[in-house]
Protein chains: 2
Amino acid sequence: MRAKISDIAKIAGLSTASISRVLNNQGGYSKETAKRVMKIANDLGYFKDRSASDLARRSNNTIGVIYTDFETNFNDLVIKNIMIEAKKRHLDVILMIAQQNDPDGLTKIVQGMIERRVFAVQFISTHPSPQIIQMLNQAAIFPQVIGDATDHTVSYVSSDDMAIGYHATTYLIEKGYRSIGFVSPNITTDYVSHLRFSGYRKSLKEHGISFKSDWLFEESYSYQTGIHASAHYQKYGDVDAVIGVSDEVSWGLLNGFYDLNVSVPSDIALISIDGTELCSQTRPRLTSVTQDFALMGKTAIKQAPKKADPHRVTAVTIPFKINIRETS
Amino acid sequence: MRAKISDIAKIAGLSTASISRVLNNQGGYSKETAKRVMKIANDLGYFKDRSASDLARRSNNTIGVIYTDFETNFNDLVIKNIMIEAKKRHLDVILMIAQQNDPDGLTKIVQGMIERRVFAVQFISTHPSPQIIQMLNQAAIFPQVIGDATDHTVSYVSSDDMAIGYHATTYLIEKGYRSIGFVSPNITTDYVSHLRFSGYRKSLKEHGISFKSDWLFEESYSYQTGIHASAHYQKYGDVDAVIGVSDEVSWGLLNGFYDLNVSVPSDIALISIDGTELCSQTRPRLTSVTQDFALMGKTAIKQAPKKADPHRVTAVTIPFKINIRETS
DNA sequence: CTGAAAGCGCTTACAG
DNA sequence: CTGAAAGCGCTTACAG
C-alpha cells in the first residue's frame, strides 16, 4: 500500500496535523521534528495524494493548456515558454491536446479541465466556442486565448493581425511589387486570416493597387496548401509576390514553385507570416513577419489571475517585426 | 459557489448516493429519476470534482505522458496516436513537458505524476534515470519508455535500432557507396545512437569495409548538428554517403551541403533515420529509414496494464522500412 | 510547538 | 429503486 500521512504520524508519534505542516513547510515546529518527519516520509517513499490535498485545501494552482495538433508549428515555442514562466511562479501546468475540427472533443477536454478544477485554461491555436467560454465562466475558471483575438468577451494574448497583414503587404509594395497574392484559410471563417487579409486590403488600397480575386487562395494553414497555391499562381500567373499566412504555407509555396521551375524571388517573391525557425531552414531562407511566440507564452501566464479573481477581460498585444531573409 | 452533488440531492429530494449513481450511470434507478437528476445537474452547471471522485473511488484511469521539447519532431505523431488510442479505451491522458538535460526537472515532473496517482507513465524521447524508475515502481506505477530501449528493467516500445543502423548502411553499400559517414549524438552516451552505430559497424564489417574515425561525427539530434557535420565532411572529404541519425540532422546535412555547393546525391548521398513528413518536404526529398511512430503510440497504450497489474517488463519492437526518395 | 476534530465532495458496500 | 453512513487522504481553524 502506498504510504500516507497517518503512517508517518504513527511512526513519528505525532498527529497527522503536524506531519502535514512539516510536509508543506508551514513552520511552527522544531527543526528536530522536521528532520525526523522528513526522514520517515522518505524511508516510506511517501508522496502526497494530490486529490486529497486539493480537495482539502479547496484551491488549486494548476493551469490548463489546450492546443491542437495543428498544421502550424509555433505551438511548441508558446508552450515551452508557458512552462518556463509557470515554473517560476510555482504553478502546475497540465496539457491536453484537442483534435482539429472536433468540437465535441474540445468540449470533452474542457470538461476534463473543469473537473480538475484548474483556475485558468489557455487555448492555443484553438477557437473555443461561445458555449465553451460560457461553461468556463460559469465554473469560475479564467479562459484565455493565445495567438488569436477571436472574441472580445475572452481575454487574449496575440499579435495585432491586422497590422501584420498591413505591414507584410506594405513591405512588398515598397520593394516594388504590385501584384500580390495572399494564401490563407477561408477568410470569412478564420478570424486571424480575416484580420490579416483586411490589413492586406488596406495596404493595397492605400497604395492605389486594386485587388484581383485571383490573388487570393483560400484553403488552410498547411504545407499542402502552399503546394496547391503555387500551382494556382502559376496558372493564373500575374502575381509577382505572395504572402503566406503561416510558415508552413510559405514553405509549401517555396517548394511548389521550385517544383514548377518558378524562381523565388526572381520570378515571384515570398513573405511568410510567423517567422519560426523554419524560415532559416529553407533554401532560399524565407523573409517573414516574425511573431514573438516566446513572449506570448510568458505573457499568457502573467495574465492569468493568481487566484479566483474577478474575470476582467484583458487583451494583450504582442509586438512583431519583419525579418528580411532571402525570398524578398 | 460551484454546484455539488448535495445541491442536486436537495433539489431532487434524493440522497447523494442516488445522485452519484445516476451521474455515473450505474443503473438501479428509474428512467424517471435519471432524467430529473440530469436536468437539475445541467441547470446547476454541475461538474464532478475529480479530486473528490478519484479519492473516493481510490482508482484512477489516467495515464501520464512525459516528453521533451526535443530537437526531433516525431513526438507529435507518437503523442497524437497515444491520445487516439487512449480515448478509445476511455483513459485520460495528461501530458507534461520536461526540459532537456534537466534531471531535477524530470524528477519533479515524475513526482507530480505520482502525486496525481496516474497508473502508468510513458517517457517519450527521454531517459528516465534508474532512480526515477525506482520511484515509479515503488509507487506501483507502470513506467514505459517509448522510442528508446535504453534499459531492460523497464518496459519499452521501440524500433530495433541496431537493425535500423544495419539496414541503412547495407542499403547504401548495395547502392555502391563505400565511404559512409555517420552523424549522431555521442555514441557512448546516447543509447539509441550507440545501437544504430553498432548496426552500421556490423554492416561495414560484413561488407569488408574498414571504418575510418573521420566518418563519425558526434554532436546531437539537431538541425545544427547536420550543418556542422556537412562542414566536417567537406573538409575531411573522402565520404560519398552519409547517414543522419534523425530527420533534423539530415535536413541540416542537406542544407549544409547545399550552402557548400556539394550536390546531393551526386557528390554525396544521404539517408535519414526517422522518416517523418519532413523527408518529403525537403528538396531533394530525403531517402529514409522510416519508423512507424503512429504504431508506437498506439502500442504503448495497449501495453500499459489496465489496472495496477503486476509489473511485468514487456518489450515491443515496432517494424520499420526504407523509403527511397531522392537523396540516395 | 502540537493535537483533536471537522470538513473537502464524492463513492460504495450494506440494508431495506 | 433508494438512503444512512463510513470512508478516501489530506488540511486547517481552534485550542492549548
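Each chain gets a letter, A, B and so on, in the order the sequences are listed, and its residues count up from 1.
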Gap between atoms CZ and C1', on A:Arg21 and D:dT11 respectively (whole Å): 9 Å
Among the candidates D:dT11, C:dC1, D:dG9, find the nucleotide nearest to the side-chain atoms of A:Ser20. D:dT11
note: A:Arg57, atom CZ; D:dA13, atom C1'; distance rounded to Å ~ 15 Å
A:Asp76/A:Lys80 salt bridge by N-O under 4.0 Å criterion: no
Please check the phosphate of D:dC1 (OP1 and OP2 only) for any side-chain N or O of B:Lys31 closer than 4.0 Å. no
P atom, D:dT2 versus D:dA6: distance in rounded Å? 23 Å
Between A:Tyr46 and B:Ser15, name the one whose nearest nucleotide on DNA chain D is closer to the 5' end. B:Ser15
Check the distance between D:dT11's P and A:Leu55's CG and give it to me in whole angstrom. 11 Å
Strictly below 4.0 Å, N to O, side chains only: are B:Arg50 and B:Asp92 in salt-bridge contact? yes
Minimum-distance nucleotide to A:Ser18 side chain [options: D:dC10, C:dG3, C:dC10]: C:dG3
Among D:dC8, C:dT2, D:dC10, the one nearest A:Ser30 by side-chain distance: C:dT2
Interatomic distance, B:Tyr29 OH vs D:dC1 P [rounded to whole Å]: 10 Å
Nearest-nucleotide pick for A:Ile5, side chain only, options being C:dG9, D:dG3, D:dT11: D:dT11
A:Ala17 side-chain proximity, nearest of C:dA5, D:dG9, D:dC8: C:dA5
Under 3.5 Å for both donor-acceptor distances, Watson-Crick or wobble: does C:dA13 have a partner, and if so which one? none
Look at the side chain of B:Leu14 and decide which nucleotide, out of D:dC8, D:dG3, C:dT2, has an atom nearest to it. D:dG3
State whether B:Arg89 and B:Glu85 are salt-bridged, where the test is any N-O pair (Lys NZ or Arg NE/NH1/NH2 against Asp/Glu carboxylate O) under 4.0 Å. yes
Taking pairing as Watson-Crick or G-U wobble with both contacts under 3.5 Å, can you name the mate of C:dA4, or confirm there isn't one? none
Touch check for B:Thr33, heavy atoms < 4.0 angstrom, all strands: base, sugar-phosphate only, or nothing? sugar-phosphate
Report which part of the nucleic acid B:Glu115 touches: base, sugar-phosphate, or nothing (heavy-atom distance under 4.0 Å, all strands). nothing
Counting any heavy atom closer than 4.0 Å, what does A:Arg50 reach on the DNA or RNA strands: base, sugar-phosphate only, or nothing? nothing
A:Gln26 has an atom CD; how far is it from atom P of D:dC10, in whole Å? 14 Å
Tell me what B:Glu32 touches on the nucleic acid: a base, only sugar-phosphate, or nothing, going by heavy atoms under 4.0 Å. nothing
Using atom NZ of A:Lys10 as one end and atom C1' of C:dG3 as the other, report the distance to the nearest whole Å. 16 Å
Rounded to whole angstroms, how far apart are CG on A:Asp54 and P on D:dT12? 11 Å
Nearest heavy atom decides the nucleotide; on that basis, is B:Ala52 or B:Gly13 closer to the 5' end of DNA chain D? B:Gly13
